[in-house]
Amino acid sequence: MYGALWRILPGPVWVRILILIVLVAIALFALVTWGFPWVDSLLGPQEGTVGP
């Protein structure tokens, strides 16, 4: 899969690396903004206690 992604990206190697960095940053932003809060709402609150 990564090979196929690498082949379809345009430009020389440095442009491909830059595009991949931007794509990874967008994916992480989307996960932190929408993905993780959605999963957290499904899990429900966690009740934690600290013993003496």
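Using a 4.5 Å cut-off on side-chain heavy atoms (C-beta onward), P12 and V15 make contact.
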Report, one line per pair, each donor and acceptor closer than 3.5 Å where one atom sits in a side chain of residues 16-32; sequence neighbours left out.
{"residue": "R16", "atom": "NE", "partner": "L9", "partner atom": "O", "Å": "3.3"}
{"residue": "R16", "atom": "NE", "partner": "G11", "partner atom": "O", "Å": "3.2"}
{"residue": "R16", "atom": "NH1", "partner": "W6", "partner atom": "O", "Å": "3.3"}

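No chain of hydrophobic side-chain contacts below 4.5 Å, direct or via other Ile, Leu, Val, Met, Phe, Trp or Tyr residues, connects W34 to L43.
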